[in-house]
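Ligands are counted one by one from 1 in listed order, and the atoms in each one are counted from 1 as well. All values reported here derive from a predicted model rather than from experimental measurement.
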Amino acid sequence: MKAIRVHAIGGPEVLQYEDIAKPEPGSGEARVKIEASGVNYIDTYQRSGLYKVPLPFTLGQEAAGVVDAVGAGVTEVKVGDRVAYASVMGAYAEYAVVPAWRLVAVPQGVSAQQAAAVMLQGMTAHYLACDTFPLKPGDTALVHAAAGGVGLLLVQVAKMRGARVIGTVSTEDKARLAKQVGADEVILYAQQDFETEVKRLTDGKGVNVVYDSVGKDTFDKSLNCIKPRGYMVLFGQSSGPVPPLDPQVLNAKGSLFLTRPLLAHYTADRVEVTRRTDDLFGWMNAGKLAVRIDCTFPLAQAADAHRALHSRATKGKILLLP
Ligand SMILES: NC(=O)c1ccc[n+]([C@@H]2O[C@H](COP(=O)([O-])OP(=O)(O)OC[C@H]3O[C@@H](n4cnc5c(N)ncnc54)[C@H](OP(=O)(O)O)[C@@H]3O)[C@@H](O)[C@H]2O)c1
């Protein structure tokens with residue numbers, strides 16, 4: 001089968017389209033014939049070496065397709081089932097072997113491409129808004145990169161929970177899109193000082209929570225946007241990693257809470273995975289959650305997909321099609 005392999009860390013050019021053996025499912029595993037694979041920021045961190053993965057490896061953390069073989073003892077799925085999954089390496093390929101407990105059924109009305117597009121970023125938006133800081137009516141949230149893959153979904157989930165949402169984006173085009181999916185206010189953080197704007201929009205009070213996936217460029221000012229005893233949820237580093245922090249800063253800025261969550265810890269077992277995907281697929285089929293696929297690339301052009309993600313030009317999901 002064809003797969004995108006990484007033999008040396010580096011830029012998008014290290015992604016190699018190769019023939020490798022089709023994997024066989026072991027006990028408790030199923031093999032998925034992939035119809036669409038999601039491209040995520042974590043793939044770029046693993047490719048560049050920011051997150052260490054033993055070489056060589058097949059990139060990719062998310063896909064949707066059809067079960068075409070199962071190993072011993074698998075009860076969750078059977079051959080022919082339409083499924084999707086996230087958080088298992090090896091999705092930039094024609095086939096992947098996945099622990100069966102991680103596979104969820106894709107309901108009628110949701111295409112393989114939509115399913116691949118919502119698994120990782122959608123479950124992330126879900127756990128951030130429902131568990132890390134469970135938003136409720138009356139809360140105000142600041143969502144950075146609100147027109148990105150996670151951002152567009154997080155804005156919608158936050159609105160469903162009744163929060164007021166202030167988004168940040170880099171362009172007018174992205175601002176329009178963030179508003180379209182429900183953001184109450186949008187700040188163009190490349191042109192405006194977002195700290196000043198957040199204070200203006202909250203009458204100097206600040207927000208209950210910042211969901212910050214941008215990292216280095218936004219972290220310090222984000223701390224200044226939070227109400228006393230509010231939450232700083234740092235969940236990504238699209239602009240680069242945040243340097244080490246003196247915990248005393250949290251006290252000085254108002255007894256703030258800081259967390260650096262990871263999807264894997266919020267999808268710890270099958271019950272937790274299906275709780276999130278049942279909500280996501282249910283909202284999609286009810287017309288409450290729009291999943292925006294920005295662009296698709298043939299699997300062979302994974303390097304171009306990474307360039308697109310780095311370019312900051314995409315608004316929503318990038319998919320690879322084998
Ligand atoms: N912790 C977790 O569980 C978890 C799970 C999923 C994703 N994440 C994180 O969430 C973030 C978003 O992931 P995504 O896949 O949905 O990507 P994305 O948001 O679609 O793309 C990243 C966005 O970040 C903004 N950005 C700001 N500074 C940037 C810079 N210097 N270079 C590139 N982009 C910059 C851009 O939006 P503007 O142009 O509007 O600034 C860009 O579109 C990533 O940091 C990822 O690691 C974390």
How far is atom 26 (N) of ligand 1 from its nearest protein heavy atom, and which residue and atom is that?
Arg312 NE, 3.7 Å

Heavy-atom contacts with Ser213 under 4.0 Å: which atoms of ligand 1 show up? List them by number with element.
10 (O), 11 (C), 45 (O)

Starting at CD of Glu18, measure out to CE of Met1 and round the result to the nearest 0.5 Å.
10.5 Å

Nearest candidate to atom 32 (N) of ligand 1, where distance is taken over non-hydrogen atoms, out of Gly236, Gly148, Ala147, Ser238:
Ser238

Atom 17 (O) of ligand 1 has as its nearest protein heavy atom Tyr41 CD1, 3.4 Å

Using ring-ring contact (aromatic ring centres under 6.0 Å, His included) as the criterion, point out the one residue from Phe194, Tyr211, Phe219 that pairs with His144.
Phe194

Which of the numbered atoms in ligand 1 are under 4.0 angstrom from any heavy atom belonging to Gln237?
45 (O)

Of all the atoms in ligand 1, which lie at a distance below 4.0 Å from a heavy atom belonging to Ser239?
28 (N), 30 (C), 31 (N)

Tyr266 and ligand 1 - part of the residue with a heavy-atom distance under 4.0 Å:
neither

In terms of atom number and element, which parts of ligand 1 are under 4.0 angstrom from non-hydrogen atoms of Leu263?
2 (C), 3 (O)

What one should report as the nearest heavy-atom pair of Leu263 and Ser87 is CD2-OG, 3.6 Å

Could you list the atoms of ligand 1 found under 4.0 angstrom from a heavy atom of Thr124?
4 (C), 5 (C), 6 (C)

Would you check the N or O atoms of Asp217, main chain and side chain alike, for any that come under 3.5 Å of an N or O of ligand 1?
no

Can you measure from CG (Asn208) to SG (Cys225) and round to the nearest 0.5 angstrom?
12.5 Å

Going by the order shown, which atoms of ligand 1 are within less than 4.0 Å of some heavy atom of Gln121?
14 (P), 15 (O), 16 (O)

Side chains of Ser255 and Arg229 only: does a donor on one sit below 3.5 Å from an acceptor on the other?
no

Hits for salt bridge (Lys or Arg N to Asp or Glu O under 4.0 Å) against Arg31, two or more places apart or cross-chain, chain-then-number order -> Glu24, Asp68

Classify the side-chain pair His306/Glu13 by whether it contains a donor and acceptor separated by less than 3.5 Å.
no

Got a sec: does the NZ of Lys199 have more than 12 other heavy atoms crowding it under 6.0 Å?
yes

Would one find an N or O of Phe235, backbone or side chain, under 3.5 Å from an N or O of ligand 1?
yes

Can you list the atoms of ligand 1 that are under 4.0 Å from a heavy atom of Gly149?
16 (O), 18 (P), 19 (O), 20 (O)

Which residue and heavy atom of the protein sit nearest atom 41 (O) of ligand 1, plus the separation:
Tyr189 OH, 2.5 Å

Please could you name the atoms of ligand 1 that Val214 approaches to less than 4.0 Å, counting only its heavy atoms?
27 (C), 28 (N)

For atom 23 (C) of ligand 1, grab the closest protein heavy atom and report residue, atom and distance to one decimal in Å.
Ala145 CB, 4.0 Å

If we set the cut-off at 4.0 Å for heavy atoms, which region of Val150 has an atom near ligand 1: side chain, backbone, both, or neither?
both

Honestly, for Glu62 the part within reach of ligand 1 (heavy atoms, under 4.0 Å) is neither

Heavy-atom distances under 4.0 Å are what count here, so tell me which part of Val39 touches ligand 1: side chain, backbone, both or neither.
neither

protein heavy-atom neighbour closest to atom 47 (O) of ligand 1 works out as Tyr45 OH, 2.8 Å

Side chains of Thr58 and Tyr92 only: does a donor on one sit below 3.5 Å from an acceptor on the other?
no

Quick one: nearest non-hydrogen protein atom to atom 2 (C) of ligand 1, plus distance?
Tyr127 OH, 3.3 Å

Side chain to side chain donor-acceptor pair (under 3.5 Å) between Tyr189 and Thr218: does it pass, once the steps are laid out?
CA-CA 9 Å; Tyr189 61 175; Thr218 47; over 6 Å; no

If the threshold is 4.0 Å, N to carboxylate O, is there a salt bridge linking Arg161 and Asp139?
no

Which residues pass the side chain to side chain contact (heavy atoms under 4.5 Å, CB included) test with Ala86, sequence neighbours left out?
Glu62, Met119, Leu120, Met123

Please work out, at 4.0 Å between heavy atoms, whether the side chain, the backbone, both, or neither of Pro261 comes within that distance of ligand 1.
backbone

Heavy atoms only, cut-off 4.0 Å: how does Lys315 contact ligand 1, side chain, backbone, both, or neither?
neither

For Val169, the option from Lys174, Lys315, Lys179 that meets side-chain contact (heavy atoms from CB on, under 4.5 Å)
Lys174

Does ligand 1 have any atom sitting under 4.0 Å from a heavy atom of Arg260?
yes

Cationic N near anionic O, under 4.0 Å, Glu185 to Arg164:
yes

Protein heavy atom at shortest distance from atom 40 (O) of ligand 1
Ser170 N, 3.0 Å

Distance only, no hydrogens: is a donor on one side chain within 3.5 Å (strictly under) of an acceptor on the other, for Asn40 and Gln61?
no

Quick one: look up the protein heavy atom nearest atom 43 (O) of ligand 1 and list residue, atom name and how far away it is.
Lys174 NZ, 3.2 Å

